[in-house]
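Everything below concerns the one structure shown next.
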Amino acid sequence: MELKIEAVSGIYEIRHTASNTAYCGRTVNLRNRRCQHFSALSYGRHSNKPMQRDYDASLEGNSAFTFTVLEYVKPDQLIEREQAFISSGEYRYNRSNDAVAGCGVGEGNHRYSGTFKTPWGDFPSSYQAAASSEGMMSQAAVWTSCTNSEKVISGNAYGHSIYLQTNYDRSIVGKKSWRDIGFSFKPSTIN
């Protein structure tokens, strides 16, 4: 029986039980992040290609992996604590040994550097922006909203966003883009 995962910030691991290979991550919402990982794996769209290959080769589906909360952490301590776990050398699915350099979504995009602009401030990472949202947006939601800011806000996005529902009525659906309400990404000019 699986324990209930809370919608709080923390450090987690996803472990492939057959190979004992693991990934370590951080999030402001453990429950949502677990769902995002397993949904992406089941649809064959996970950004971590080695993890996706192991999933695809398995006959057990999601049960081929375990999701474990390693530590509940305050949002402002996520990077430091994730780095401590990654530095153990145990997490071979992680694409980087640096918790900050590993930020970003998608294979090859883990070095997205620049400024994530949100209505509540500008941040050097989507993780820091999410942590500063006081639980209103996940890291993935901030990343998507900022890097795809020209997209018009859909009904699905509105229905799944605490931030939108708290700050806007449904009339913005189909009329306003993420940029219109203050989200964008400005890439660094230095590589």
List the residues meeting ring pair (Phe, Tyr, Trp, His ring centres under 6.0 Å) with H16, not counting sequence neighbours, and say none if there are none.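 F65.
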If you compare all heavy atoms of [X] against all heavy atoms of [Y], which two are closest, and at what distance to 0.1 Å?
| X | Y | answer |
| --- | --- | --- |
| S154 | A157 | OG-N, 3.0 Å |
| S138 | A130 | C-CB, 3.6 Å |
| R26 | Y12 | N-CE2, 3.5 Å |
| E82 | N94 | OE2-ND2, 4.5 Å |
| I14 | H37 | CD1-CG, 3.3 Å |

Please list, chain by chain and in numerical order, all residues satisfying salt bridge (Lys or Arg N to Asp or Glu O under 4.0 Å) with [X], sequence neighbours excluded.
| X | result |
| --- | --- |
| E90 | R15 |
| D76 | none |
| E71 | R81 |

Point-to-point distance, once rounded to the nearest 0.5 Å, from [atom1] of [X] to [atom2] of [Y]:
| X | Y | atom1 | atom2 | result |
| --- | --- | --- | --- | --- |
| L30 | T68 | CG | OG1 | 11.0 Å |
| S19 | M51 | OG | CE | 10.0 Å |
| T144 | K151 | OG1 | NZ | 9.0 Å |
| F116 | C146 | CZ | SG | 6.5 Å |
| I5 | N29 | CD1 | CG | 11.0 Å |
| S184 | N148 | OG | CG | 12.0 Å |

Contacts of type side-chain hydrogen bond (donor to acceptor under 3.5 Å, both in side chains), residue [X], not counting sequence neighbours:
| X | value |
| --- | --- |
| S171 | D169 |
| D122 | K117 |
| R92 | T21 |
| S42 | none |

Apart from V28 itself, residues in the same hydrophobic cluster as defined by side-chain heavy atoms under 4.5 Å: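 Its cluster mates, by chain and number, are I11, L70, V73, L78, F85, Y91.
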ILVMFWY clustering at 4.5 Å (side-chain atoms), partners of L164: W120, F123, M136, M137, V142, I153, Y158, I162, Y163, Y168, I172, V173, W178, I181, F183
Short question: side chain of T147, backbone of W143 - any donor-acceptor pair under 3.5 Å?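 At least one qualifying donor-acceptor pair exists.
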Considering only residues two or more places apart or on different chains, which pairs with a residue in residues 51-60 satisfy side chain to side chain donor-acceptor pair (under 3.5 Å)?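 Side chain to side chain donor-acceptor pair (under 3.5 Å) check on residues 51-60 returns Q52-D56, D54-Y93, Y55-N62, S58-E60.
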Can you list the residues that meet the side-chain contact (heavy atoms from CB on, under 4.5 Å) rule with S177, with sequence neighbours excluded? R179, D180
